[in-house]
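Have a look at the structure below before the remarks.
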Amino acid sequence: MTESTPASPLQPGAEPAPALSPDDLEALDDILDELRVRLDETPQWEFCDGFLTALVCSRRAIPPGEYLPMLLGDGESLDLPEGEALPLLPMFADLDQQARFLALWQRRWDEVTLALDTPVEALDDPRTLEPEVMDVRGALLALPEAERPSIEDGEVPSFAQVWALGFMFAVENWPEDWAPPREREHAQWLDDALDSIVALTEDDTGKPTVNMYAEDGLPSLSETRVELFGEAIWAVYDLRQLWKSLGPRVETVRKAPEPGRNDPCWCGSGKKFKKCHGA
């Protein structure tokens, strides 16, 4: 058995774990590659990072036994009592691999949480959230021309597209937790923020003018795409703030209807309700 990953943000005063290093990211990619041998639908880390970011923003603290099977397995959540250790999940080869993945996952979780809870006013602030995205087209264009594959429309994901798809995958699989608030202003706030992320799930059809992989690389994405990416980052901050300010959903308690006065009493006495518990 291994301890479950906390589904809640850092506690006040807690020391954040160090940010993931390039070696850590490579280790995550290696684990996902190994999982993909047994389950070919295992997503890329960029997708996982978008999914994780949505979980951090979610109105409810969704437990690992619920979200890990959705991300990496068959979607069948584990109904574990609160505080119970997470058993070995079927997608992992062994407990060591699972523990390694969860440790790296938690560090990224803490990193995202810290960024979203730190007030920033500009995207170039080093404390600002940095989604784990890659300019795949830019990387291909950086290859020597003789080794460069042809890049057909739709074959290579646009910048940040996979990350946005991972974010929206979480939103779509927990619709009750992302249902619009009752207050119109809050509902509009939610819609506007999600629209900014949904925009990144679409292909970049603008004229390439920028390369995010290498400053001197051939253009691989449009200025519009860069602007949409910035808007999506601010949207994540808005979502985190919105759900934190509203708190968890409060379930409405519905009182069962009472029987009519001349109906049989619910207690089974055989008397009419008005002569029994309705007296």
Side-chain angles (χ1 to χ4, degrees), residues 1-10 16-113 129-134 136 156-157 160-178 197 200-201 236:
M1 305 285 280
T2 184
E3 292 300 317
S4 63
T5 306
S8 57
L10 284 171
L20 296 181
S21 67
D23 287 344
D24 294 327
L25 294 173
E26 185 175 351
L28 279 167
D29 282 335
D30 289 344
I31 293 174
L32 293 173
D33 285 344
E34 201 283 324
L35 266 57
R36 204 169 288 119
V37 171
R38 285 172 278 115
L39 184 63
D40 58 6
E41 294 183 356
T42 300
Q44 305 167 22
W45 173 246
E46 183 174 334
F47 185 97
C48 295
D49 189 68
F51 182 88
L52 179 153
T53 303
L55 292 175
V56 172
C57 294
S58 180
R59 188 168 191 176
R60 174 174 65 95
I62 300 173
E66 192 174 338
Y67 67 69
L68 284 174
M70 182 63 68
L71 176 65
L72 301 174
D74 57 8
E76 192 69 29
S77 65
L78 301 177
D79 188 14
L80 298 174
E82 186 175 354
E84 183 171 321
L86 193 66
L88 175 62
L89 300 176
M91 69 282 294
F92 293 105
D94 51 42
L95 283 171
D96 287 342
Q97 185 186 60
Q98 176 171 297
R100 177 62 174 156
F101 179 85
L102 292 177
L104 293 169
W105 177 274
Q106 184 62 50
R107 283 173 55 191
R108 178 57 180 166
W109 185 293
D110 292 347
E111 186 180 355
V112 171
T113 301
L129 172 70
E130 294 186 15
E132 293 286 352
V133 297
M134 181 177 177
V136 179
V156 179
Q161 187 173 31
V162 174
W163 180 90
L165 289 169
F167 193 105
M168 294 309 302
F169 181 74
V171 173
E172 292 162 1
N173 277 285
W174 285 278
E176 292 184 0
D177 297 300
W178 289 87
I197 296 171
L200 283 183
T201 66
V236 174

Chi angles and distances behind the side-chain contact (heavy atoms from CB on, under 4.5 Å) call for Thr53, Val56: CA-CA 5 Å; Thr53 303; Val56 172; 5.6 Å; no
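- Of all heavy-atom pairs spanning Ala164 and Thr201, the tightest one is CB-CG2, 3.7 Å.
- Under the 3.5 Å distance criterion, with hydrogens and angles disregarded, no donor-acceptor pair is assigned to the side chains of Asp110 and Thr113.
- Taking the six-membered ring where tryptophan is involved, the planes of Trp45 and Phe101 are perpendicular, since the angle between them exceeds 60° and thus also 30°.
- Interatomic distance, CD of Gln98 versus CG of Leu35, reported as 10.0 Å (0.5 Å rounding).
- Side chain of Ser58 to main chain of Ala61: no donor-acceptor pair is present (N/O by atom type, distance under 3.5 Å, no hydrogens or angles).
- Checked for salt-bridge contact, Asp177 and Arg59 miss the test: no charged N lies under 4.0 Å from a carboxylate O.
- Around atom CD of Gln44, no more than 12 heavy atoms belonging to other residues, nucleotides or ligands sit under 6.0 Å away.
- Side-chain N or O atoms of Arg107 include one that pairs as donor or acceptor with a backbone N or O of Ala19 at under 3.5 Å.
- Contact detail for Leu72 and Leu39: the closest heavy-atom pair is O-CD2, 3.0 Å.
- Judged purely by atom type and a 3.5 angstrom limit, Gln106 has no side-chain atom pairing as donor or acceptor with the backbone of Leu102.
- In this structure, the side chain of Glu46 does not engage the main chain of Val133 through any donor-acceptor pair within 3.5 Å.
- To the nearest 0.5 Å, atoms CD (Glu76) and CG (Asp74) are separated by 6.0 Å.
- Within 6.0 Å of CG on Asp79 lie no more than 12 heavy atoms contributed by other residues, nucleotides or ligands.
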Applying side-chain contact (heavy atoms from CB on, under 4.5 Å), run through Met168 and Ile197 and close with a yes or a no. CA-CA 8 Å; Met168 294 309 302; Ile197 296 171; 4.0 Å; yes
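- In terms of heavy-atom proximity, Arg38 sits nearest to Met91 at NH1-O, 2.6 Å.
- If you take CG on Leu68 and CG on Leu86, they are separated by 6.5 Å, rounding to the nearest 0.5 Å.
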Check against ring-ring contact (aromatic ring centres under 6.0 Å, His included), Trp105 and Tyr67: CA-CA 12 Å; Trp105 177 274; Tyr67 67 69; 5.7 Å; yes
Would Cys48 and Trp163 count as a side-chain contact (heavy atoms from CB on, under 4.5 Å) if you check the C-alpha gap in whole Å, the side-chain angles of each, and the deciding distance to 0.1 Å? CA-CA 7 Å; Cys48 295; Trp163 180 90; over 6 Å; no
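- Nearest heavy atom pair, residue Trp178 against residue Ala54, reads CZ2-O, 3.4 Å.
- Rounding to the nearest 0.5 angstrom, the gap separating the CG atom in Leu28 from the CZ atom in Arg100 is 7.5 Å.
- Using modelled atom types, no side-chain atom of Glu111 and backbone atom of Pro18 make a donor-acceptor pair closer than 3.5 Å.
- Side-chain atoms of Arg36 do not come within 3.5 Å of backbone N or O of Glu41 as any donor-acceptor pair.
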Checking Leu25 against Leu104 for the side-chain contact (heavy atoms from CB on, under 4.5 Å) test, could you report, in this order, the C-alpha distance in whole Å, the side-chain angles of both residues, the deciding distance, and whether it holds? CA-CA 8 Å; Leu25 294 173; Leu104 293 169; over 6 Å; no
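- Smallest separation of non-hydrogen atoms from Asp49 and Arg108: OD1-NE, 2.6 Å.
- Between Phe51 and Phe167, the ring centre distance reaches or exceeds 6.0 Å.
- In this structure, the separation between CD on Glu132 and CG on Leu20 is 6.5 Å, given to the nearest 0.5 Å.
- Contact between Pro43 and Leu32 at its shortest, heavy atoms only, is O-CD1, 3.8 Å.
- Between Leu52 atom CG and Leu71 atom CG the span is 9.0 Å, to the nearest 0.5 Å.
- Looking at Asp30, its side chain never comes within 3.5 Å of a backbone N or O of Ala27 through a donor-acceptor pair.
- Heavy atoms of other residues, nucleotides or ligands lying less than 6.0 angstrom from CD of Glu34 number more than 12.
- At a threshold of 4.5 Å between non-hydrogen side-chain atoms, the residues Leu165 and Phe169 do not count as touching.
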